[in-house]
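Worth knowing before you read on, the calculation uses all heavy atoms, side chains too, and leaves out hydrogens, waters and symmetry mates.
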Amino acid sequence: MGESPNGGNNWPIRETPDILVGPRSVAAAIGGTLADLDARWTPQPLRFNRRLLTAVSVAAAAYAAAAVACLLLIDSPGLVSPAEGALLVLAYLLATQVRFELGPAFLLGTEVTLVPLLLLAPVGAVPALVGGAMLAGAALAVFTGRLPADRLLSALASSWHVMGPVLVIAIAGVPEPDTGSWPVYVLMFASQLATEAVADTLINRWDDNGQSWADNLRDLLVSQTVDAMMFPVGLLAAVAAMTTGNPLWALLTVPVVLLLTVGDWERRRRIRQSRARLEALDRERERGDAALERVGEAMGTLLDPDALVELAVLSAGEAVAAEVVALPGSGAAPPADPDVAAFAEAMRRRAVAGNRATVGEEDGLHGLAVPVGGLNERTALVCARTGQAFDAEARHRLVTLAGQLSAGLRAADTHERLRHLAETDHLTGLWNHRRFQEDLRAAMGRGACTALVLIDLDDFKAINDAHGHQMGDLVLSAVGRLLRDGCREQDRPARYGGEELAVVLPAATWPDARAFAERIREDIAALRVEAPSGERVHVTASVGVALSRPGAATPETLIAAADAALFEAKRAGKDRVAGAAPAVRA
């Protein structure tokens, strides 16, 4: 028999003991991502939310009361002995343990065992027998840890489907095992579907994440289609038992259940195999990701001259079995032994002078040097060792490595030049606005006070109007040089935009920031810019200063505070410094 899905916390009709949260078809799971498959394979049943638990509790209690009422009010002896009835209940219990996933629904085998129970057992006892079997199956799953305890209630609540056919038989009587009774059989099945749909839809309304009426009924249609295909199998077994007078014929449904069990086991085996394969692929993917990361790191070193030199020194020592590797003029540490250092320098000079690989020997120390380009000065990669001279293979290896190092250093130098051009304002030689934003954010992220100085050249438009834009460019260039010369190494001067300049002062104090701003203002006021024609132009600047304490401001609020201080300096008469409060709050 079919069972609707439990997407999120949706209440499942006739929930099985090993229900998964958000079940899907095996094919869809295997075709999905690794995480998707794990979510479908690993049982992760959610506990019901409070509203849904209340609804399920009410439905379970109501079903228990209805089952007791059927026992008391419906008088029907049935066609089986207690022992035979127990066998039918065990067959039904076995069927509840088998579940297949079929599209959006669960495929269960309970329908083939339900029909014999309805037609052969005392009809008034059937609700109690079905509820007991469902409860026993859920208890087994709770005991083994496959389900939370609240599913005991849903096992009872999901048994309402049996009430429809029980009422039909109670009213119409047990139908005769012939074709003339087909209207009763059809009515039994139709009432089962109707009871199932009503119960599930009503309870689903209490789920905070429940589906719409239409979606819920559409999901039920799949499970009920499965029931429709299994109903005739159970009916044939029941008719055989009624016709022969031997109720054990109803146990012909057990092989069908066993077949479903084998199919369920095989499906799970295939899932385990597929999961093992996918886990193996996952491990391969992780190894591939690690390899890609290492490749990325290696590519990154191509743009870092120091990392390239370090890598080349290490590689050269391994490639030619050298005891000493030196690269004079590169920043790499020279040999500790003065005599070895002098030998390496001599080898470097010979290789550079001859512009070729050079071998040498002095006092039992054998050397091999190959010229390297791409640094500020022409140098050579020098290897030395005792006991054995370097052969042709070693020379070939070192020449190859030196060539790769030279190409890498040239690429790094080109990249640095392009990066500098991309981040530098060509007119002032200061950092551009994009780099200014990066430097400000980085300085504020170091956990120390950061000062921001905004500088606006006074009446700059008048200079352009009176002397031309070329003169304005000369003024900006001169002020840019002044800023570069007047800043500390850690300070970050930039052109903010137009005639506005900015300086980020990392790890600054308020007195230092004010003093810096006053000094810059005075230096600009003392500046006289001379045009090619000999004309000299005087310029002044208004300066705004703001300071942020760690965690008390963002780059946006610090810029806004410095801009407000700059506006105050302009309004107060220009050619002066104005400062915001030392603590800028976000």
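- Heavy-atom neighbours of Trp431 CH2 from other residues, nucleotides or ligands within 6.0 Å: above the threshold of 12.
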Please determine whether side chain to side chain contact (heavy atoms under 4.5 Å, CB included) holds for the pair Val162 and Leu118, giving the CA-CA distance in whole Å, both sets of side-chain angles, and the decisive distance to 0.1 Å. CA-CA 9 Å; Val162 77; Leu118 287 168; 3.9 Å; yes

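- Using a 4.5 Å heavy-atom cutoff, the side chains of Leu129 and Tyr92 are not in contact.
- Rounding to the nearest 0.5 Å gives a distance of 4.5 Å between CE of Met163 and SG of Cys70.
- Between Val186 and Phe231 the shortest side-chain heavy-atom distance does not fall below 4.5 Å.
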Start with the C-alpha distance between Val115 and Leu236, add both sets of side-chain angles, then the distance that settles side chain to side chain contact (heavy atoms under 4.5 Å, CB included), and finish with yes or no. CA-CA 9 Å; Val115 180; Leu236 287 174; over 6 Å; no

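- Counting all heavy atoms, side chain and backbone alike, Tyr63 lies closest to Ser159 at CE1-O, 3.2 Å.
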Step-by-step side chain to side chain contact (heavy atoms under 4.5 Å, CB included) determination, Trp510 to Val545: CA-CA 9 Å; Trp510 181 248; Val545 187; 4.0 Å; yes

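- Between atom CZ of residue Arg270 and atom CZ of residue Arg277 there is a gap of 8.5 Å, rounded to the nearest 0.5 Å.
- Looking at Glu438 and Arg492, no side-chain N of the basic residue comes within less than 4.0 Å of a carboxylate O on the acidic one, giving no salt bridge.
- Among all heavy-atom pairs drawn from Ala502 and Leu454, the shortest one is CB-CD2, 3.6 Å.
- The closest side-chain donor-acceptor pair between Thr557 and Thr554 falls under 3.5 angstrom.
- No donor-acceptor pair under 3.5 Å is formed between the side chain of Glu318 and the backbone N or O of Ser315.
- Pairs engaging residues 230-243 under the side chain to side chain donor-acceptor pair (under 3.5 Å) rule: none recorded [sequence neighbours left out].
- We find the CG-CG distance between Leu452 and Asp439 to be 11.5 Å, quoted to the nearest 0.5 Å.
- With rounding to the nearest 0.5 Å, the separation of CG in Leu558 from OG in Ser548 is 5.0 Å.
- Within the 4.5 Å cutoff, no side-chain heavy atoms of Thr450 are placed close to those of Leu505.
- Nearest heavy atom pair, residue Ala508 against residue Ala451, reads CB-CB, 3.9 Å.
- Counting heavy atoms from C-beta outward, Gln192 and Leu114 have side chains that approach closer than 4.5 Å.
- Contact annotation: the side chain of Leu167 never approaches that of Ser191 to less than 4.5 Å [non-hydrogen atoms, C-beta and beyond].
- Residues Tyr185 and Pro175 are in side-chain contact: their nearest non-hydrogen atoms beyond the backbone lie under 4.5 Å apart.
- Under the 3.5 Å distance criterion, the side-chain polar atoms of Thr244 are matched with a main-chain donor or acceptor of Ala240.
- When atom types are taken as modelled, the side chain of Asn432 and the backbone of Arg435 share a donor-acceptor pair closer than 3.5 angstrom.
- Taking each heavy atom of Ala199 and Trp160 in turn, the nearest pair found is CB-CB, 4.0 Å.
- Using a 4.5 Å heavy-atom threshold, the side chains of Leu119 and Leu235 count as touching.
- Atom CG of Leu566 and atom OH of Tyr496 lie 10.5 Å apart (nearest 0.5 Å).
- Checked by atom type and distance alone, the side chain of Ser181 pairs as donor or acceptor with a backbone atom of Glu176 at under 3.5 Å.
- Scanning both residues, Ala67 and Ala128, for their nearest heavy atoms gives CB-N, 4.0 Å.
- For Glu568, the CD atom sits in a packed shell: over 12 heavy atoms of surrounding residues, nucleotides or ligands are nearer than 6.0 Å.
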Would Leu251 and Val254 satisfy side chain to side chain contact (heavy atoms under 4.5 Å, CB included), going step by step from the backbone distance to the final call? CA-CA 5 Å; Leu251 296 180; Val254 172; 4.2 Å; yes

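- Across every non-hydrogen atom of Arg434 and Ala422, the tightest pair is NH2-O, 3.7 Å.
- Taking CG of Leu93 as the start and CG of Leu88 as the end, the distance is 12.5 Å to the nearest 0.5 Å.
- For CG of Asp178, the number of neighbouring non-hydrogen atoms (other residues, nucleotides, ligands) closer than 6.0 Å is greater than 12.
- The shortest side-chain heavy-atom distance between Leu94 and Thr113 does not fall under the 4.5 Å cut-off.
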